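Note that the numbering runs from 1 along the sequence shown for the chain. Everything quoted here is computed from the prediction, not taken from an experiment. Numbering of ligands and ligand atoms starts at 1, following listing order.
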Amino acid sequence: MIPLVSKLPKTGTTIFTTMSALAAETGAINLSQGFPDFDCDPALTAMVNAAMQSGLNQYAPMAGHLGLREQIAAKTERMHGAVYNPDTEITITAGGTQAIFTAICAAIRPNDEVIIFEPAYDCYAPAIKLMGGVVKSLELEFPDYRIPWHLVKRLINGKTKMIILNSPHNPTATILTRQDIDELAALVKDKDILILSDEVYEHIIYDGARHESMARYAALRERSFIVASFGKLLHATGWKIGYCLAPAWLMQEFRKIHQYMVFSVNTPMQAGIAGYIKNEHVYTGLAPLFGQKRDYFRQGLASTPFEILPCYGSYFQSVTYKQISDKADVDFALQLTKEYGVATIPVSAFYTKPNHNNVIRFCFAKKQETLDRAIDRLLKVTPQSI
Ligand code: PMP
């Protein structure tokens, strides 16, 4: 055997893979991984098919299909009043994940420090470490999961290169407020700190709240990579298409990596999406669709012994289970799957340090009948039963 020193020695199978596999094996209802169990719009697949049949099957331009970049520019201007140049400031990627990896790869050098907030989506820290960067994680304050800005201030020093934000937030379903934006702007002012803003749930935001995109604020926009996902927008997570917005000086470096990482993303889907998102309802319709599911699911959970945490955005609902068990959340989630037939994600999986808040996350991006079946099963869970 040729010796190979692992670059990510502590990385094993993720909890998402484990829980989805267990759900399949046991026949449990899978509310673990974040994907819809309903199909995308047939009008969209028809547009993609039409693109294929019309011969759009060769490489797209490196930065992405121009028509799609133009539609993204129009959407961003409409939503946030921000003008991004499709030629120099928008790149189509293989999902939000590749955009995040590429941005980190372009910006982070050995010993650069990157601030992330835990619970954190799982792809940030490994990318930082692979670049030789240092992960500086701060915990969001339980149970409200707000950003402790006074601690961020203490953590910032000459080596701080980037802050990674995620709003609406996976897994806690919190959103950035105007006050957060002001705190952030004050902290980075006059400092060489970049922002990587993971906004893949940007259109899934409830109760009339506004998505506080970095794109809205010139002082933040000029130092930000903003990441979006068509998987989330179009109920097509398996297509793995997303995009990155950044000012030209940052996008230039982003594209240097992107062109060798994937060169370009599949053409017919880009062409199909370009036509489809001309209709504004595609994205304005997401909040009412998932808002109804959120309310329905929360109503069902209200009769169970789970304690429901707030949900302001995303399609995740977290709960605590203190009345049911004092088990660690991984054990609790495994038992809930095996004995009650509902698969969830233990939120400790989103922390690097041990976490004992006893919180699990459900994904409610599911058909009504799936939610009904899951609630029926969860109603059987009684205090002290696990
Ligand atoms: N960021 C967050 C917070 C996510 O939840 C996800 C998907 N689960 C991604 C990024 C990755 O998006 P994509 O599937 O488009 O790669």
Colleague: Are any of the N/O atoms in Asn170 less than 3.5 Å from those in ligand 1?
Modeller: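 Yes - when backbone and side-chain N and O of Asn170 are compared with those of ligand 1, one distance drops under 3.5 Å.
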Colleague: So which heavy atom in the protein is nearest atom 2 (C) of ligand 1, and how far is it from that ligand atom?
Modeller: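 Checked against all protein heavy atoms, atom 2 (C) of ligand 1 sits closest to Asp198 OD2, 3.3 Å.
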Colleague: Report the part of Thr97 (side chain from C-beta onward, or backbone N, CA, C, O) that has a heavy atom under 4.0 Å from ligand 1; answer both or neither where that applies.
Modeller: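 It is both parts that get close, each with some atom under 4.0 Å.
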Colleague: Which residue pairs pass the salt bridge (charged side-chain N to carboxylate O under 4.0 Å, His left out) test when at least one of the two sits in residues 22-34, sequence neighbours left out?
Modeller: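 Not a single pair qualifies under salt bridge (charged side-chain N to carboxylate O under 4.0 Å, His left out).
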Colleague: Mind checking whether Tyr201 has a heavy atom under 4.0 Å from ligand 1?
Modeller: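 Under 4.0 Å: yes for Tyr201.
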Colleague: Decide whether Thr91 and Arg255 meet the rule of one side-chain donor and one side-chain acceptor closer than 3.5 Å.
Modeller: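 Yes, a side-chain donor-acceptor pair sits under 3.5 Å.
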Colleague: Can you sort out which atoms of ligand 1 are near Gly95, meaning under 4.0 Å from one of its heavy atoms?
Modeller: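 Checking each atom against Gly95, I get 15 (O), 16 (O).
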Colleague: I need the contact type for Lys232 against ligand 1. Using non-hydrogen atoms and a strict under-4.0 Å cut-off, is it side chain, backbone, both or neither?
Modeller: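 Side chain only.
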Colleague: Could you tell me if Arg377 sits above the aromatic ring of Tyr340, with its cationic atom closer than 6.0 Å to the ring centre and no more than 45 degrees from the axis?
Modeller: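 No; the conditions do not both hold, so Arg377 does not lie above the ring face of Tyr340.
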Colleague: Do Phe35 and Cys363 have side-chain heavy atoms sitting under 4.5 Å apart?
Modeller: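 No, side chains not in contact.
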Colleague: Which bit of His169 gets closer than 4.0 Å to ligand 1, counting heavy atoms only: side chain, backbone, both or neither?
Modeller: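 Under 4.0 Å from ligand 1, His169 contributes no heavy atoms.
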Colleague: Side chain or backbone of Asn166 under 4.0 Å from ligand 1, or both, or neither, by non-hydrogen atoms?
Modeller: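 Under 4.0 Å from ligand 1, Asn166 contributes side-chain atoms alone.
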Colleague: Mind jotting down which residue pairs meet the salt bridge (charged side-chain N to carboxylate O under 4.0 Å, His left out) criterion with at least one end in residues 124-152? Sequence neighbours excluded, please.
Modeller: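 Non-adjacent pairs meeting salt bridge (charged side-chain N to carboxylate O under 4.0 Å, His left out): Arg146-Asp180.
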Colleague: Which of the atoms of ligand 1 are close to Lys240, meaning less than 4.0 Å from one of its heavy atoms?
Modeller: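 Within the 4.0 Å cut-off of Lys240, ligand 1 contributes 13 (P), 14 (O), 16 (O).
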Colleague: Can you label the angle between the Phe362 ring and the Phe306 ring as parallel, tilted or perpendicular, going by 30° and 60°?
Modeller: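 Phe362 and Phe306: perpendicular rings.
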Colleague: Is there a donor-acceptor pair closer than 3.5 Å between any side-chain N or O of Arg216 and the backbone N or O of Met79?
Modeller: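 Flag set: sc Arg216 to bb Met79 pair under 3.5 Å.
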Colleague: Taking Tyr315 for its side chain and Pro36 for its backbone only, find out whether a donor-acceptor pair lies under 3.5 Å.
Modeller: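 Checked: no pair found.
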Colleague: Report yes or no: does Val200 have a heavy atom closer than 4.0 Å to ligand 1?
Modeller: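 Heavy atoms of Val200 do come under 4.0 Å of ligand 1.
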Colleague: For Tyr124, is at least one N or O under 3.5 Å away from an N or O on ligand 1?
Modeller: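 Between Tyr124 and ligand 1, no N or O pair is found under 3.5 Å apart.
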Colleague: With only distance considered, is Gly96 within less than 3.5 Å of ligand 1 through an N or O on each side?
Modeller: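 Between Gly96 and ligand 1, an N or O pair is found under 3.5 Å apart.
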